[in-house]
Amino acid sequence: MFALIWSSAFAFSLHTGIFLPQLFAAIGFGTVLVGLIAKKLSMPARHPVWLVLAGAVLIQVLSALFSGDAGHSLSTVGRYYALPIIGAFNLLVLLRDQKSINVTATAFLIGAAFGGAVGLFQIFAGFDPIYGQHITGPDPAVTWIDMYVPRGLLNMPLTYAGVQMMAVVFCLPWLIKYRGKRKAWLWALYVVVVLSLLLAGKRSPWLGGMAGVGMYFLTRGRKVAIIMILAAILGGSGLYVISSGFRARVLNTVQLRTNSESDRIYLWQSALKMMGDHPVLGVGPGMWPRYIDQYLPEKDYSKWIVRVNHETGEIECKAWYSKAHAHSDPIMLLATTGILGLLSIASIVFLLLEVGVLELRLVMLTDMKRIYMGSLLVLVSFMAASSIQCYLSDGEDALTLLFLLGLGLSGRQLMIIEKVKDTALDTKEV
């Protein structure tokens, strides 16, 4: 009962943005430690990725220790990696029955729909009653790059869009084969989540959503994939014609109209130069802001971005769109943790996908198989989205990713148990 209530509350809290997920992760970890010490709980099922994960954590720690400020760098590792990993570990230990996993997935979808409904309200009302901010600027044609876009309950538009992307991808295989009485209203919630992602105005979550959903339909067969690709092209074309905002976003991307696009190129070039000077372990986690100014070229100040202060209505200028990170997780990992850091994370992704694909082929369709499949599709979508944006340095997105992977691997544990039982029965019959 504790596992059911805790995991459901944890799932819903991922969409709140008020540090509740971190609190639930810590509470769950305390409970798990007590249970393991008292031998009331058991360790998770074996997986080849555990050893690689330990190696990746070691590389992060070594990179931090050899950085210019070991204390600050180690705190960054703890803040952005420790709690997400702890949250996933808690799920693997506590969730050992099908009902708890299905209820947790339902709570996650309800939370995503609630956050999406708030985001949709923000769009159509033009105002955010929670944080008291306008959603659109007074002149969208001029200030498109600085328009306040929907943020749900997370107060960060990109974080909100990233969480909604993962919800869209994770829930799709689970809902398509869902046979319960709640199917109609679960699909209604899912539609709200999809609409919230489409209207979020963020390109990297759109890219990740297309990658995850597209990969799922590819597993359904070539004909289905072709039909869905054509439907996506027609839908995108219609949205391009109808929505001036979507059209501006596409044109800005293709033509490099704003500093959001051109600055990425400068930042990526600077990050690679940074990695060239620190190739093995990088400059250290969290040390990017202290090094980036040494590698950025001199800015052409004639191309400042026009920004509007929505509280005063005054025009402001900003030299760089954003240099807080590299706007690409792989490039950011190269710069901050070096070649070893990037290879360790890439190895984790490769093992999860390789082992997952092999195991999914061996098991007949079950609810747990679809939960497991959804978590692997989230990993694919996250990889696509993070190629042009930084998500691992965002606490809520990292927590959500590891939460869904933990939920999927919990489903894998039950899937393996069911497979063993079936094998035992077959042997007995023979």
Side-chain angles (χ1 to χ4, degrees), residues 7 10-17 20-22 24-25 28 47 49 52-53 56-57 60 77 79-92 95 104-105 107-109 111-112 115 152 154 156 158-174 193 197 202 204-205 207-209 211-213 215-216 285 325 328-330 332-333 342 344-353 356 371-412:
S7 61
F10 188 15
F12 186 87
S13 71
L14 291 166
H15 307 277
T16 60
L20 278 178
Q22 291 85 344
F24 279 116
H47 194 292
V49 81
V52 181
L53 177 62
V57 172
Q60 294 285 332
V77 173
R79 190 164 63 251
Y80 292 114
Y81 292 96
L83 275 177
I85 292 174
I86 286 172
F89 177 75
N90 295 341
L91 291 168
L92 285 166
L95 297 188
T104 303
F108 180 75
L109 176 58
L154 297 173
M156 287 294 291
L158 189 61
T159 303
Y160 160 73
V163 171
Q164 297 304 95
M165 170 198 76
M166 288 185 269
V168 167
V169 174
F170 174 79
C171 294
L172 181 61
W174 175 58
V193 180
L197 174 62
K202 294 297 179 182
S204 54
L207 176 63
V213 173
M215 184 63 67
Y216 170 71
H325 48 69
S328 171
D329 273 328
M332 186 75 171
L333 285 169
L342 179 62
S344 63
I345 300 297
S347 299
I348 292 173
V349 173
F350 173 77
L351 268 177
L352 283 171
L353 292 177
I371 293 286
Y372 189 22
M373 179 187 292
S375 69
L376 297 179
L377 291 172
V378 166
L379 191 58
V380 172
S381 67
F382 195 91
M383 287 169 55
S386 65
S387 65
I388 57 172
Q389 190 54 266
C390 281
Y391 287 98
L392 288 176
S393 56
D394 188 313
E396 285 79 6
D397 283 319
L399 265 171
T400 304
L401 172 66
L402 268 295
F403 172 87
L404 294 176
L405 285 175
L407 191 60
L409 291 173
S410 297
R412 168 186 176 266

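- Minimum interatomic distance between Cys390 and Asp329 (heavy atoms only, all atoms of both residues): CA-OD1, 3.4 Å.
- Taking the side chain as every heavy atom from C-beta outward, Val380 and Leu353 approach each other to under 4.5 Å.
- Contact annotation: the side chain of Arg412 approaches that of His47 to within less than 4.5 Å [non-hydrogen atoms, C-beta and beyond].
- With His15 contributing its side chain and Leu109 its backbone, the two residues share no donor-acceptor pair below 3.5 Å.
- At distances below 3.5 Å, at least one donor-acceptor pair connects side-chain atoms of Ser328 with backbone N or O atoms of Ser387.
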Margin query: Run Leu53 and Ile85 through side chain to side chain contact (heavy atoms under 4.5 Å, CB included) and show every step you take.
Written below: CA-CA 10 Å; Leu53 177 62; Ile85 292 174; 4.2 Å; yes

Notebook entry, point to check: When you look at Leu207 and Ile388, which way does the side chain to side chain contact (heavy atoms under 4.5 Å, CB included) test go after all the steps?
Noted result: CA-CA 9 Å; Leu207 176 63; Ile388 57 172; 4.0 Å; yes

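- Scanning all heavy atoms of the two residues, the minimum distance from Ser7 to Thr104 falls at OG-OG1, 2.7 Å.
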Pair up each side-chain donor or acceptor in residues 160-170 with any protein partner under 3.5 Å, not counting sequence neighbours, and list the distances.
unit_1	atom_1	unit_2	atom_2	d
Gln164	NE2	Ala112	O	3.1
Gln164	NE2	Ser196	OG	2.8

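- Partners of Tyr391 according to the ring-ring contact (aromatic ring centres under 6.0 Å, His included) rule, which considers only residues two or more places apart in sequence or in another chain, are Phe382.
- In terms of heavy atoms, Leu376 sits closest to Gly356 at CD1-CA, 3.6 Å.
- Using cut-offs of 30° and 60° on the angle between ring planes, the pair Phe403 and Phe10 is perpendicular.
- For residues 400-411, no residue pair satisfies the side chain to side chain donor-acceptor pair (under 3.5 Å) rule, not counting sequence neighbours.
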Checklist line | Criterion side chain to side chain contact (heavy atoms under 4.5 Å, CB included) on Leu392 and Leu333, from CA distance to verdict | finding: CA-CA 9 Å; Leu392 288 176; Leu333 285 169; 4.2 Å; yes

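- Evaluated for a side chain to side chain contact (heavy atoms under 4.5 Å, CB included) with Leu409, the options Leu95, Leu404, Leu92 yield exactly one hit, Leu92.
- Nearest heavy atom pair, residue Leu377 against residue Gly212, reads CD2-O, 3.7 Å.
- Nearest heavy atom pair, residue Leu399 against residue Pro84, reads CD2-CA, 3.7 Å.
- Taking both residues in full, the closest heavy atoms of Tyr372 and Gly408 are given as CD1-O, 3.5 Å, listed atom of the first, atom of the second, then distance.
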